[in-house]
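The block underneath contains the structure these notes are about, expressed in structure tokens.
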Amino acid sequence: MADTRALADTRAFRDEVGRWAVGDSGGDTARDLAVGLGLRTAVLLEGPSDFAAVETLAARRGRDLAAEGVCVVSMGGAMSIARYAELLGPPGLDLRLTGLCDERERGFYERGLTRAGAPREDFFVCVADLEDELIRALGPARVEEIIRAEGDLRPWQTFLSQPAQHGRPRHQQLRRFLGTKKGRKIRYGALLVEALDAGRAPAPLDDLLARV
């Protein structure tokens with residue numbers, strides 16, 4: 001089980017980095033926390049749904065990332081990569097950087113990491129996004145089973161009745177549905193990972209955890 005103090009300090013580190021990234025902190029507290037935690041790697045993710053998926057898969061595999069010197073960070077958007085890479089990578093705390101990005105955001109990541117002098121090969125690319133990867137890994141029928149089990153059948157049926165959804169492939173409909181309500185992508189980010197067969201995960205997510 002993860003150490004309670006380490007978890008609290010890891011949360012404090014994430015919060016401090018968030019303040020640092022928007023200019024509300026000089027970074028001294030983040031640096032002290034990083035040293036105290038023995039951090040060596042920062043996993044940079046675009047948003048909270050990716051964060052939920054990575055943390056859930058790590059837990060399923062018995063990984064205590066905090067104890068391993070790894071901190072998972074939700075940046076609040078792909079365009080923040082340059083700032084976070086500067087603060088946490090070679091120009092700043094000099095942590096090893098890894099993470100996930102969507103194919104359409106690859107350019108932001110490549111430019112931001114290059115500017116910070118951080119290697120790009122430790123970042124793994126999802127074809128569309130991580131939700132799409134998880135839906136394809138599980139199959140649309142299994143994802144619909146999860147939606148029913150979670151009590152979301154009625155909103156799902158209402159969504160499918162919209163003219164814009166008629167004739168679209170089911171996996172595209174599911175991906176769009178997950179993003180139609182605040183908090184739904186985060187919740188299902190964890191649920192879809194929990195539904196994966198043990199030891200199996202979409203390649204970008206699997207490769208990421210294998211690298212940290």
Side-chain angles (χ1 to χ4, degrees), residues 10-11 13-25 27 30-31 34 37 39-58 61 63 65-66 68-137 171-172 175-176 178-179 185-186 188-190 192-193 196 201-212:
T10 300
R11 285 193 293 269
F13 174 77
R14 291 190 192 108
D15 291 343
E16 189 62 27
V17 168
R19 287 190 286 270
W20 192 13
V22 297
D24 290 342
S25 164
R31 191 178 301 276
L37 286 162
L39 291 184
R40 57 180 181 81
T41 300
V43 180
L44 301 183
L45 302 172
E46 181 177 344
S49 62
D50 296 344
F51 179 94
V54 170
E55 290 271 285
T56 300
L57 185 59
R61 293 184 173 178
R63 300 281 301 273
L65 295 182
E68 296 174 27
V70 178
C71 184
V72 183
V73 178
S74 173
M75 300 184 296
M79 287 185 288
S80 297
I81 181 64
R83 179 63 171 159
Y84 276 82
E86 176 189 18
L87 298 181
L88 301 182
L93 301 187
D94 200 21
L95 302 178
R96 175 172 166 263
L97 302 181
T98 186
L100 295 172
C101 71
D102 302 343
E103 176 60 44
R104 66 180 177 273
E105 313 292 2
R106 185 199 291 261
F108 290 118
Y109 278 68
E110 290 180 345
R111 289 189 294 273
L113 293 168
T114 298
R115 194 167 79 183
R120 299 183 302 186
E121 60 269 19
D122 286 340
F123 281 75
F124 303 95
V125 181
C126 300
V127 172
D129 54 26
L130 186 54
E131 288 75 29
D132 178 69
E133 295 277 359
L134 290 168
I135 291 166
R136 287 190 288 110
H171 78 276
Q172 291 183 11
R175 178 171 168 252
R176 180 72 185 99
L178 296 184
K185 283 179 69 172
I186 302 171
Y188 278 91
L192 298 184
V193 169
L196 292 168
L205 188 55
D206 198 41
D207 291 343
L208 171 66
L209 279 184
R211 191 67 65 91
V212 298

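Comment: R136 engages D132 in a salt bridge, judged by a side-chain N to carboxylate O separation of less than 4.0 angstrom.
The shortest heavy-atom contact between G89 and L97 is CA-CD1, 3.8 Å. In terms of heavy-atom proximity, A42 sits nearest to L95 at CB-CD1, 4.1 Å. Closest non-hydrogen pair, A116 versus P91, comes out as O-CD, 3.2 Å. Residues R175 and D129 approach most closely at NE-OD2, 2.9 Å, considering heavy atoms. Taking both residues in full, the closest heavy atoms of E105 and E46 are given as CG-OE1, 4.1 Å, listed atom of the first, atom of the second, then distance. Of all heavy-atom pairs spanning V125 and E133, the tightest one is O-OE2, 4.3 Å.
Note that CG of L208 and CG of D122 are 9.5 Å apart. Values are rounded to the nearest 0.5 Å. Between the CZ atom of R211 and the OG1 atom of T41 there is a distance of 11.0 Å, given to the nearest 0.5 Å. To the nearest 0.5 Å, the span separating SG on C101 from CZ on R106 amounts to 6.5 Å. Expressed to the nearest 0.5 Å, how far CG of D50 lies from CG of L45 amounts to 5.5 Å. Note: R14 CZ to C71 SG = 4.5 Å, rounded to the nearest 0.5 Å. Note that the OG atom of S49 and the CG atom of L130 stand 7.0 Å from one another [nearest 0.5 Å].
The number of heavy-atom neighbours closer than 6.0 Å to CZ of R115, taken from other residues, nucleotides and ligands shown, is 12 or below.
With sequence neighbours excluded, no residue forms a side-chain hydrogen bond (donor to acceptor under 3.5 Å, both in side chains) with R111. Not a single ring pair (Phe, Tyr, Trp, His ring centres under 6.0 Å) links Y188 to another residue, sequence neighbours left out. For R176, the side chain to side chain contact (heavy atoms under 4.5 Å, CB included) partners are F159, Q165, R168, T180, not counting sequence neighbours. Under the side chain to side chain contact (heavy atoms under 4.5 Å, CB included) criterion, S25 pairs with E16, R19, W20, not counting sequence neighbours. R61 is linked by a side chain to side chain contact (heavy atoms under 4.5 Å, CB included) to L57, R63, A201, D206, L209, counting only residues two or more places apart in sequence or in another chain.
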message: Run the side chain to side chain contact (heavy atoms under 4.5 Å, CB included) test on V193 and L134 for me, step by step, so that the C-alpha distance in whole Å, both residues' side-chain angles and the decisive distance to 0.1 Å come before the verdict.
response: CA-CA 7 Å; V193 169; L134 290 168; 4.0 Å; yes
message: Evaluate T114 against Y109 for side chain to side chain contact (heavy atoms under 4.5 Å, CB included), listing each step before the verdict.
response: CA-CA 8 Å; T114 298; Y109 278 68; over 6 Å; no
Evaluation steps, side chain to side chain contact (heavy atoms under 4.5 Å, CB included), between L178 and I135: CA-CA 10 Å; L178 296 184; I135 291 166; 4.2 Å; yes
message: side chain to side chain contact (heavy atoms under 4.5 Å, CB included), that's the test. Do V43 and V70 meet it? Break it down for me.
response: CA-CA 7 Å; V43 180; V70 178; 3.7 Å; yes
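Using a 4.5 Å heavy-atom cutoff, the side chains of I81 and L44 are in contact. V54 is listed as a side-chain neighbour of L205, based on a closest heavy-atom distance under 4.5 Å.
The side chain to side chain donor-acceptor pair (under 3.5 Å) pairs that include a residue from residues 72-92 are R83-E86, where partners are two or more places apart or lie in different chains.
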